[in-house]
2 protein chains.
Amino acid sequence: MTTLHDVAQLANVSDSTASRALRGLDIVRPKTRAKIKSAADSLHFELSRSASALASGRTMRVIMLFGSPLNTWFSAACMQGAYEVLAESGYDIVPVILKDATNANEFFNTLLKNKHNIDGIILPSIRLDSHSSEDLSSLKIPTVGLDASFSPVLNASVALDNKSAMRSAVYYLQELGHERIGYVQYPNRNIFFSSAEERGTFFLQAAKEYDFSQASVHVYPAKDYEVNSSLEEPLSQLARRIASSDAAPTALCVENDEAAIILMRQLRLLGVKIPEDISIIGFDDNDNAELMGLTTLKQDPVHMAKIAAQLLKDLMAGNPIERKQTWIQTSLVKRESTSSPRSERTASA
Amino acid sequence: MTTLHDVAQLANVSDSTASRALRGLDIVRPKTRAKIKSAADSLHFELSRSASALASGRTMRVIMLFGSPLNTWFSAACMQGAYEVLAESGYDIVPVILKDATNANEFFNTLLKNKHNIDGIILPSIRLDSHSSEDLSSLKIPTVGLDASFSPVLNASVALDNKSAMRSAVYYLQELGHERIGYVQYPNRNIFFSSAEERGTFFLQAAKEYDFSQASVHVYPAKDYEVNSSLEEPLSQLARRIASSDAAPTALCVENDEAAIILMRQLRLLGVKIPEDISIIGFDDNDNAELMGLTTLKQDPVHMAKIAAQLLKDLMAGNPIERKQTWIQTSLVKRESTSSPRSERTASA
DNA sequence: TTGAAAGCGATACCAA
DNA sequence: TTGGTATCGCTTTCAA
C-alpha cells in the first residue's frame with residue numbers, strides 16, 4: 001500500500017510538503033507541487049480518507065436523514081441533488097433511514113453519539129420537537145433542513161412556499177369559475193414531518209382571501225383514510241362519497257400527485273368525468289403527473305436539495321451564508337385535469 | 001471530545017479491553033463488558049470511525065457505482081436494497097455516479113486509487129471490458145455485480161434471467177394466438193451496460209424456439225430512435241411506422257415499461273386500439289405499469305440489490321459464498337394491455 | 001516555502 | 001481474560 005510518505009520520498013520532499021501539495025494548499029511552490037503531483041500519479045496514490053479524517057478532524061462524511069425508503073420520488077431526488085453539489089468536493093453522502101423512530105429521541109441519541117463521525121447533516125422533511133431540538137443544537141454540527149421551516153436549531157433551511165402554492169391553486173380555480181372547491185389530505189406515511197401537512201390550512205386561508213364562503217370550501221381530512229397499505233381502498237371510498245353528494249365541489253386540490261391520480265381514477269370508475277364534472281389539481285409533478293394529464297403544483301426536490309447541500313457546504317467550510325431561511329416557489333402546471341365547471345360552460349354556451 | 005480512553009478510565013480497564021467490549025468481541029467477561037458499556041453510555045460515547053478504520057484497515061465504506069442519476073427507478077431501488085442489508089452492520093453505503101466515463105478507464109483509475117478507502121463495491125448494470133477488467137481484479141476488493149452476468153473479475157454477481165423472461169413473454173403471446181410479434185429496443189442512456197440490451201436477442205431466440213417464422217418476428221432497433229432528450233418524438237415516429245404498416249405485428253414486447261407506456265400512448269393517439277389492435281408487454285413493472293394497465297415482466301431491483309449486498313457482506317467478512325452467479329427470475333404480470341389478436345377474436349366469435 | 005515531530009483515536013499483537 | 005505498546009497514514013503546529 002503506497003502512502004504519502006512514498007510519494008514524498010519519490011518527489012524528494014517532506015511528508016508535510018507532499019500533503020500540502022496534494023491538498024491544493026497554495027503555500028507550495030508550483031514547481032514543487034508539479035513534482036509531487038506527478039510522483040503521486042505515477043504511484044496511483046490517493047490519500048487515505050481515514051488517516052486524513054483522524055488527523056484533521058474532518059470526516060468528509062455528510063448524513064442525509066430519511067423517514068422513508070430511499071426509492072421514493074422525494075428521497076431519491078434529495079440524494080441526487082445533494083450528490084450533485086457535495087460529491088465533487090469529496091464528501092460522502094451517506095443515507096440514514098429512521099425506521100421505527102416514533103420517538104425521535106433514539107435518533108438524536110445516535111446522532112449525538114456520532115459526533116466525531118459527521119461533518120454535516122441534511123434533514124429532509126423532519127419535524128423538530130422541542131426535546132430533540134435541544135439535542136440537535138448541542139451537536140455543533142452544521143445542520144440544514146430541507147422541506148422544513150426554519151427552527152433555531154437548524155443552521156439553515158430550505159422550504160417550500162406552500163402558502164403561495166395554495167393561493168395560486170385557489171386563484172386558478174376561481175378564475176376558471178369554480179364556486180365549490182375542496183382539499184383532499186393525504187395520510188402521512190413518513191414518520192417525520194412533511195410540509196405537505198400544512199397545505200390544507202393554507203388552502204383554507206387562501207379560499208378565505210379569495211372570498212369563498214365557508215360553506216363552499218370542503219376539506220377531506222386524512223384521518224378518513226388513514227391506512228398503511230394501499231391508498232386505493234380509502235380513496236375509492238372517498239370517491240364514492242364525493243360522487244354521490246349533491247353539493248360536491250367542482251374542483252379538488254389533492255395534497256400530492258400520487259393520491260390525486262388514484263382519486264382521479266376512482267372517480268372515473270364511478271362515471272365522474274374529469275375535468276367536466278370535477279377538476280383535479282395535484283402537487284409535486286412527479287413522473288405520473290404528465291402521463292395522466294394532471295394539473296399540478298410543481299416542485300423540484302432535486303433543485304431544493306442542491307440548495308440545501310450548498311448551504312451545508314458553506315457552513316462546513318465556515319463560510320457565512322446569506323440567509324438562514326430560503327423559500328422555494330412552486331409553479332402551477334396546467335394540464336387536462338382542470339377546466340371550467342360544467343355550469344359555467346353551460347352558461348357561456 | 002470523549003475518547004475510548006475516557007471510557008476505559010471510567011470503567012477502570014485498559015483501552016484494549018474497552019475496545020474489545022465495545023465491539024462485541026466475546027473474549028470479554030460479561031461483567032467487565034457491562035461495566036464498560038454503561039460507562040460508554042453515560043459518556044454518550046461512540047467509536048471514531050476514522051480511528052477504527054485507520055487502525056484496523058476496514059473502512060466500513062461500500063461504494064455503489066452508477067452510470068445514471070440516483071433518482072431513477074432502478075438506481076434508487078439498488079440503494080434501498082443495499083441499505084437494508086448493509087446499514088445494520090454499520091456500513092456506509094456511498095453512491096458514486098460516473099458522468100462522462102465513456103471510457104471506463106478514468107473510473108477504474110479512480111477506484112484503483114481509492115484502494116485504501118473502500119471495503120467493497122457493488123456494480124449495478126456495469127459492462128466490463130477487458131481493459132478495465134484487469135484493473136478491477138488487481139483491486140483485491142470484493143466486488144459484486146448487479147444486473148450483470150458473471151465475469152471473472154467479479155467475486156459474485158446477481159443477474160436477471162432475461163432469457164427465461166423473453167421466453168415466457170413469447171410463450172404467452174403465442175398462447176393468446178398472436179402470429180406476428182415484435183420487439184422494441186430502447187436506447188441505452190446509461191453509460192454502462194444494462195442487461196436490458198440482451199433482451200432483443202433472447203426474444204428472437206425464443207420466437208424461434210416457439211416456431212415463429214423469421215418473417216413473422218420483427219425487431220425495432222434502438223438505433224432508430226437514439227436520442228438524449230425525450231423519448232416521445234422517436235417513439236411517436238415508431239408508432240406511426242407501425243400503425244401504417246400492413247403486416248404490423250399484433251403484439252409488441254418493449255424493452256422496458258417507460259418506453260412501453262409512451263409507445264402505447266402514441267399508438268392510441270393514432271387510433272390504434274390496445275390491446276384490440278396491438279398487444280403490448282413491458283418490462284420492469286415500475287410504478288406506472290399498474291397505473292396504465294400494462295402487462296409486463298416484473299423484476300424487483302430492491303430484492304436483487306439485497307442479495308448482492310448480502311453476498312458482498314459475506315465476501316467482506318471473508319465468509320465463503322454459495323455460488324458466484326445468482327440468477328433471478330422475472331414474473332409475467334398480466335394486465336389490460338394484452339389480449340388475443342383481433343383475427344383470433346373474430347374467428348372465435 | 002519547506003521540514004521535523006507531535007499528535008489524532010482507535011486496533012492488534014504479544015505478554016502476562 | 002486483560003494490559004502494554006507499536007502502529008495505522010495523515011495533518012498541523014512550530015522552527016528554520
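Being a predicted model, the structure only gives us computed values, none of them experimental. A, B, ... follow the sequence lines: proteins, then strands. Residue 1 opens every chain.
- Atom CG of A:L54 sits about 14.0 Å away from atom CZ of B:R49, to the nearest 0.5 Å.
- The closest donor-acceptor contact from the side chain of B:S48 to the backbone of B:A51 lies under 3.5 Å.
- For B:S14, a side-chain nitrogen or oxygen approaches OP1 or OP2 of D:dG3 to under 4.0 Å.
- In A:K313, the NZ atom is crowded: over 12 heavy atoms of neighbouring residues, nucleotides or ligands sit closer than 6.0 Å.
- Here the side chains of B:Q9 and B:H5 are in contact, with some heavy-atom distance below 4.5 Å.
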B/S/- along nucleotides 9-16 of chain D (protein heavy atoms under 4.0 Å) is BBBB----
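- Within residues 27-42 of chain A, the residues approaching DNA chain C are A:I27, A:V28, A:R29, A:T32, by heavy-atom distance under 4.0 Å.
- Applying the side-chain hydrogen bond (donor to acceptor under 3.5 Å, both in side chains) criterion to B:K37, with sequence neighbours excluded, gives no partner residue.
- A:T59 and A:D119 share a side-chain donor-acceptor pair at under 3.5 Å.
- Considering only heavy atoms from C-beta on, B:M79 comes within 4.5 Å of B:I93 through its side chain.
- In this structure a side-chain-to-backbone donor-acceptor pair under 3.5 Å is present from B:R33 to B:L25.
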